[in-house]
Colleague: 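Take this structure, written in structure tokens, and hold onto it; I'll ask about it next.
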Amino acid sequence: MTALRAAYRYVVHKVTQLPDTEVIFEAQCLCCDWEAAPSTDSAAVDVEAMTHTGRSGHGSFRRICTSFAIVVRAER
């Protein structure tokens, strides 16, 4: 009978942003169904939220930042 041997090799990995993608920013009002248009410009989304607050008096928002990631081997 042959004994089985196992060899373990550990490789360091990291998470990085997927190339050719950008972070997408969004905002949703917590008081009504209003949503800002998704944008790669966070300031534009903030301005939309402040405009909504000025018109409606609603001041609470859910802010969402979406990015796309990939796991790659870390450089040595």
Side-chain angles (χ1 to χ4, degrees):
M1 179 133 191
T2 308
L4 297 177
R5 291 183 150 183
Y8 294 96
R9 188 180 87 157
Y10 295 95
V11 179
V12 179
H13 289 80
K14 66 179 181 177
V15 177
T16 187
Q17 186 163 327
L18 190 64
D20 301 323
T21 65
E22 296 187 47
V23 176
I24 305 296
F25 299 92
E26 301 174 69
Q28 299 171 337
C29 182
L30 297 179
C31 300
C32 69
D33 291 333
W34 178 89
E35 295 183 2
S39 175
T40 57
D41 181 6
S42 65
V45 173
D46 290 347
V47 167
E48 284 192 55
M50 288 184 282
T51 301
H52 178 70
T53 296
R55 291 181 177 158
S56 66
H58 303 162
S60 300
F61 298 89
R62 176 177 179 222
R63 295 179 75 201
I64 306 159
C65 302
T66 303
S67 66
F68 299 92
I70 185 170
V71 176
V72 296
R73 284 189 178 185
E75 299 285 328
R76 287 188 177 207

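Any value given below was found using the heavy atoms of this structure, including those in side chains, with hydrogens, waters and symmetry copies removed. For the single chain, residues carry numbers from 1 onward in sequence order.
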Colleague: May I have the list of side-chain donor-acceptor pairs in residues 52-61 shorter than 3.5 Å, sequence neighbours left out?
Modeller:
{"from": "His52", "atom 1": "NE2", "to": "Ser56", "atom 2": "OG", "distance (Å)": "3.3"}
{"from": "His52", "atom 1": "NE2", "to": "His58", "atom 2": "ND1", "distance (Å)": "3.4"}
{"from": "Thr53", "atom 1": "OG1", "to": "Ala49", "atom 2": "O", "distance (Å)": "3.1"}
{"from": "Thr53", "atom 1": "OG1", "to": "His58", "atom 2": "O", "distance (Å)": "2.7"}
{"from": "Ser56", "atom 1": "OG", "to": "His52", "atom 2": "O", "distance (Å)": "2.7"}
{"from": "Ser56", "atom 1": "OG", "to": "His58", "atom 2": "N", "distance (Å)": "3.1"}
{"from": "Ser56", "atom 1": "OG", "to": "His58", "atom 2": "ND1", "distance (Å)": "3.4"}

Colleague: Among residues at least two apart in sequence or on other chains, which ones pass side-chain hydrogen bond (donor to acceptor under 3.5 Å, both in side chains) with Arg62?
Modeller: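 Once residues adjacent in sequence are excluded, the partners of Arg62 under the side-chain hydrogen bond (donor to acceptor under 3.5 Å, both in side chains) criterion are Gln28.
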
Colleague: List the residues meeting side chain to side chain contact (heavy atoms under 4.5 Å, CB included) with Ala36, not counting sequence neighbours, and say none if there are none.
Modeller: Ala27, Trp34, Val45, Glu48

Colleague: Kindly list each side-chain donor-acceptor pair under 3.5 angstrom involving residues 63-73, sequence neighbours excluded, with atom names and distances?
Modeller:
{"from": "Arg63", "atom 1": "NH2", "to": "Asp46", "atom 2": "OD1", "distance (Å)": "3.0"}
{"from": "Arg63", "atom 1": "NH2", "to": "Asp46", "atom 2": "OD2", "distance (Å)": "3.4"}

Colleague: Taking the side chain as every heavy atom from C-beta outward, state whether Val12 and Tyr10 have any pair of such atoms under 4.5 Å apart.
Modeller: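 Of all side-chain heavy-atom pairs linking Tyr10 with Val12, none is under 4.5 Å.
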
Colleague: Could you tell me which residues satisfy side chain to side chain contact (heavy atoms under 4.5 Å, CB included) with Asp20, sequence neighbours excluded, listed by chain and number?
Modeller: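 Partners of Asp20 by the side chain to side chain contact (heavy atoms under 4.5 Å, CB included) criterion come out as none, since no residue qualifies.
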
Colleague: Is there any salt bridge (charged side-chain N to carboxylate O under 4.0 Å, His left out) pair reaching into residues 21-34, and which pairs are they, with sequence neighbours excluded?
Modeller: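 Not a single pair qualifies under salt bridge (charged side-chain N to carboxylate O under 4.0 Å, His left out).
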
Colleague: Please report the closest heavy-atom contact between Thr21 and Gln17, naming both atoms and the distance.
Modeller: O-NE2, 2.9 Å

